There are 2 protein chains.
Amino acid sequence: MATGREIAQLCGVSVATVSRVFNQPETVNEETRSRVLRVAKELDYRPNESARALSTKQSTMIGLVWDTDHRRPGWRHPYLQDLLIGLKSALSAHGYHLLMLATSGDAREVGASLADPVGYVNMTRRHHLGGLVLIDSGSDAEAFEAFAQSGVPCVALDVAVDGPRATYVTSDNFGGARDAVRHLVGLGHTRIATITGPPGNQPSDARVSGYRAALREAGLESRDEYVVSGDFYRASGTAATQRLLALESPPTAVFAASDEMAVGALLAARAAGLRVPRDLALVGFDDIEIASVVEPALTTVAQDKPGFGVAAAKAIMAMITGGECEGPLVLPARLVVRESCGAVGDG
Amino acid sequence: MATGREIAQLCGVSVATVSRVFNQPETVNEETRSRVLRVAKELDYRPNESARALSTKQSTMIGLVWDTDHRRPGWRHPYLQDLLIGLKSALSAHGYHLLMLATSGDAREVGASLADPVGYVNMTRRHHLGGLVLIDSGSDAEAFEAFAQSGVPCVALDVAVDGPRATYVTSDNFGGARDAVRHLVGLGHTRIATITGPPGNQPSDARVSGYRAALREAGLESRDEYVVSGDFYRASGTAATQRLLALESPPTAVFAASDEMAVGALLAARAAGLRVPRDLALVGFDDIEIASVVEPALTTVAQDKPGFGVAAAKAIMAMITGGECEGPLVLPARLVVRESCGAVGDG
DNA sequence: AGGGTCTATGTAACCGCTTACGGTGGGATC
DNA sequence: GATCCCACCGTAAGCGGTTACATAGACCCT
């Protein structure tokens, strides 16, 4: 690889000038600049990122904190791939790259884990990362708080954080859930239950609030027995539905806080001999791929999946360049009506 | 952040000694070493990766080449998430991180794209990456070849590459397909068709070979009209199936080279008033999440998804440390029998 | 003509770590 | 007791950039 020094020699200028050509082009004479650029192109010069980072104490990398170790096996993030696509393309536009931080330690003690956010933060400093993207991995709000407080620009997904240079992006969980339940209400249901995510999980809590709000609006009482908690996984949706169906006055419609749980509910209904949507209407949340494929296709609340990545990237870049961080970013959540709610084709 | 110099001063040693403590511990006196380590711990010292990389011309990062830009919208890699989990955990064990390289250019010409592998390769040198992981993104075999030839250790997924320090990891597509079709043969089918991936796609080609081999074994003739090509997407599965059903002597069983296409086939069958598996048996490939959820659940060939990541990481690390690169790694592909082939519970 | 300004460039220190090379002291060897 | 070896450690030269500061010339003004 050609170095700046070589270019300098070939052009008869100093390395400082070469550096300036790339960093403050306006300060160098038109003719000199083009000469340097030409030679640089000929030599296929690429500035050494390590040297640059060492010198400026700033790299062109953003860290991705995604803890996979403590997950339940079988768990899949509902929209990781789209998120990455969005993140990557938005960061690319600024010349930034995404660094997936290693989580477990090794002999050299590179390690970091959510249990030890300090480790991550130090990784961040080690690599002079420009910022951090935190992917919600359950109920790690406390751990995330440590990141947010560290002063490193960071944006969390699906969990509210507070810190000097921290924001978060999340869907309009409240609104999405409210719309879903409104739709059910509009279809004539009065006994509407909900299956929630794990207690304390923020998106889940917001969805429950939306559910409650829609009931209130409609003048329907909200019964505690109709709010049963799951954990976002499919099996919990099945179990929750079984409990609901065993009630003295079982619901005629269920709003599940995740598509996985909605599928679980579907299985439970099927097992109980109920037909969906005729005997039990179902609405999910997330709009994962499965949603459109199950029989009947799942009515659900879709999130702007790549939008998460794009929004996160924008927020990070804003903090890096501007310094000020924006307030929480909430993305629209849109009800997509399919078959499981009994209103095919309706909006 | 504490630097090596600070530690050196506090310990009354030179920076060289501090460096040695971390890189060649055996060359430094027991007592000195523990003193340095203690102070390092107190100061929460973390070596500066940029400086280290600059000095050694080797970073602890592996590049991930995953071109999302030229993809059809809506396309999702069948097992990206598992792949990443596997990759990440295996790399972490060696203290390595995964860098998702930006693909599109910006003002600073950081850019790189599969169309310009040289760009990526330069990114690689810029960051002193230890190696590259190439994710198959269609039929980019030619582009990948350029990476493989660049001399950077690289391992490709699902596409054979050849180069001084390159290997690839793939499933036993041939064996998996053969098992699938054998199973169909064992069920009594004699008119078995296949829906392939895009022509030239290596996993697809191997699956077709497996299909042919199983027919040959069974003494069944392989008719050209029974081999219709798709593109891995769902819609192509539907279209292909329609063509197959319109044949004079339509098949009674279809082996699709991807689950997405199998689902497409399912839809086509349903639309044609056929019941699966009674009127048409179906087997897919990949075992994506959808497979177990559709009605009827899809019999398919499962790949060892996290295994891809782990194998890729191992191969890379072997090349980095050992120098020699291993031959192609082929992971087992296992037939999982569900309902769509008509042999529930059977092995 | 002398002084002030502005532009374009060079000089050199520095970022934090690695490593080749050389030096020191103590024990073993003859 | 001179020699040699070895374990341990320091000195200093990089790695390839960035940037504060200095310099030099051109131009304008009084």
Side-chain angles (χ1 to χ4, degrees), chain A residues 1-37 39-40 43-61 95 108-110 122-129, chain B residues 1-37 39-40 43-61 95 108-110 122-129:
Chain A
M1 288 294 281
T3 71
R5 184 189 316 282
E6 299 179 39
I7 296 186
Q9 284 171 342
L10 284 182
C11 291
V13 299
S14 73
V15 291
T17 299
V18 173
S19 176
R20 276 189 283 257
V21 165
F22 294 101
N23 298 304
Q24 307 136 35
E26 65 283 358
T27 70
V28 24
N29 177 280
E30 161 65 31
E31 197 239 312
T32 315
R33 194 196 322 159
S34 65
R35 188 151 38 100
V36 168
L37 285 176
V39 174
L43 268 54
D44 196 26
Y45 168 71
R46 305 279 167 156
N48 180 312
E49 292 295 337
S50 303
R52 189 202 285 264
L54 175 59
S55 179
T56 62
K57 300 171 182 306
Q58 255 281 18
S59 79
T60 55
M61 302 186 293
R108 296 270 277 292
E109 304 220 331
V110 223
N122 281 324
M123 296 286 317
T124 304
R125 297 213 190 290
R126 264 167 91 130
H127 288 278
H128 295 303
L129 299 185
Chain B
M1 287 293 282
T3 70
R5 186 191 313 282
E6 299 179 42
I7 296 186
Q9 285 170 341
L10 284 183
C11 291
V13 298
S14 73
V15 290
T17 300
V18 173
S19 176
R20 275 189 284 256
V21 166
F22 294 102
N23 297 304
Q24 307 135 36
E26 65 283 359
T27 71
V28 24
N29 178 279
E30 162 65 34
E31 197 238 311
T32 314
R33 194 194 324 159
S34 67
R35 189 150 38 100
V36 168
L37 285 175
V39 173
L43 267 54
D44 197 24
Y45 168 71
R46 305 278 167 154
N48 180 311
E49 292 295 336
S50 304
R52 188 202 286 263
L54 175 59
S55 182
T56 61
K57 302 170 180 305
Q58 255 283 16
S59 79
T60 55
M61 302 187 292
R108 296 270 277 292
E109 304 220 331
V110 223
N122 281 324
M123 296 286 317
T124 303
R125 298 214 188 290
R126 265 166 91 130
H127 287 279
H128 295 304
L129 299 186

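The chains referred to below are lettered A, B, ... by the order of the sequence lines, with proteins before strands, and numbering in each begins at 1. Quick caveat, the model's predicted, so the values are computed rather than measured. These numbers come from the heavy atoms of this one structure, side chains and all, not from hydrogens, waters or symmetry mates.
- As rounded to whole Å, 14 Å separates atom C1' of D:dG17 from atom CD of A:Glu6.
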- Item | Derivation and outcome, side chain to side chain contact (heavy atoms under 4.5 Å, CB included), residues B:Thr32 and B:Thr17 | CA-CA 9 Å; B:Thr32 314; B:Thr17 300; 4.1 Å; yes
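- Residue A:Ser55 has no polar side-chain atom (N or O) positioned under 4.0 Å from OP1 or OP2 of D:dG17.
- Within the 4.0 angstrom heavy-atom criterion, only backbone atoms of the sugar-phosphate kind lie near A:Thr56; the bases stay farther away.
- D:dA7 atom P lies 18 Å from atom CD of B:Glu31, rounded to whole Å.
- Distances shorter than 4.0 Å separate none of the side-chain N or O atoms of B:Asn48 from OP1 or OP2 on C:dC17.
- Computed from coordinates, the B:His127 NE2 to D:dG16 P distance equals 16 Å when rounded to whole Å.
- For B:Lys57, a side-chain nitrogen or oxygen approaches OP1 or OP2 of D:dG16 to under 4.0 Å.
- Taking CG of A:Leu54 as the start and CD of A:Glu49 as the end, the distance is 12.5 Å to the nearest 0.5 Å.
- For the pair B:Leu54 CG and C:dT19 P, the interatomic distance rounds to 12 Å; values are reported in whole Å.
- Contact between the side-chain N/O atoms of A:Ser19 and the OP1/OP2 oxygens of D:dG16 is not found at any separation under 4.0 Å.
- Both A:Thr27 and B:Thr3 lie near DNA chain C, and the one whose nearest nucleotide falls closer to the 5' end is A:Thr27.
- Side-chain N/O atoms of B:Thr17 include one lying less than 4.0 angstrom from OP1 or OP2 on D:dG10.
- Nearest approach of A:Asn23 to A:Arg52, heavy atoms of both residues: OD1-NH1, 3.2 Å.
- Applying the 3.5 Å distance criterion, the base of D:dG17 shares no donor-acceptor pair with the side chain of A:Arg20.
- The side chain of B:Asn29 has D:dC8 as its nearest neighbour among C:dT9, D:dC8, C:dA12.
- A distance of 9.5 Å separates NE2 of A:His128 from CE of A:Met61, quoted to the nearest 0.5 Å.
- No contact: B:Ser50 has no heavy atom under 4.0 Å from any strand.
- At whole-Å resolution of the value, CD in B:Glu30 and P in D:dC8 are 10 Å apart.
- In this structure, B:Arg5 atom CZ and D:dG10 atom P are separated by 14 Å, rounded to whole Å.
- Atom CG in A:Asn23 sits about 15 Å away from atom C1' in D:dA20, given to the nearest Å.
- Residue B:Val18 is out of contact with every strand shown, counting any heavy-atom pair closer than 4.0 Å.
- The residue among B:Thr32 and A:Gly4 whose nearest nucleotide of DNA chain D is located toward the 5' end is B:Thr32.
- At whole-Å resolution of the value, CD in A:Glu49 and C1' in D:dG16 are 11 Å apart.
- Between B:Cys11 and B:Val39, the shortest heavy-atom distance links the atoms SG-CG2, 3.5 Å.
- The side chain of B:Gln24 places an N or O atom within less than 4.0 Å of a non-bridging phosphate oxygen (OP1 or OP2) of C:dT19.
- In terms of phosphate contacts, B:Ser14 brings no side-chain nitrogen or oxygen within less than 4.0 Å of OP1 or OP2 of D:dT11.
- Between the OG atom of A:Ser19 and the CD1 atom of A:Ile7 there is a distance of 11.0 Å, given to the nearest 0.5 Å.
- At least one side-chain nitrogen or oxygen of A:Arg52 sits closer than 4.0 Å to the OP1 or OP2 atom of D:dT18.
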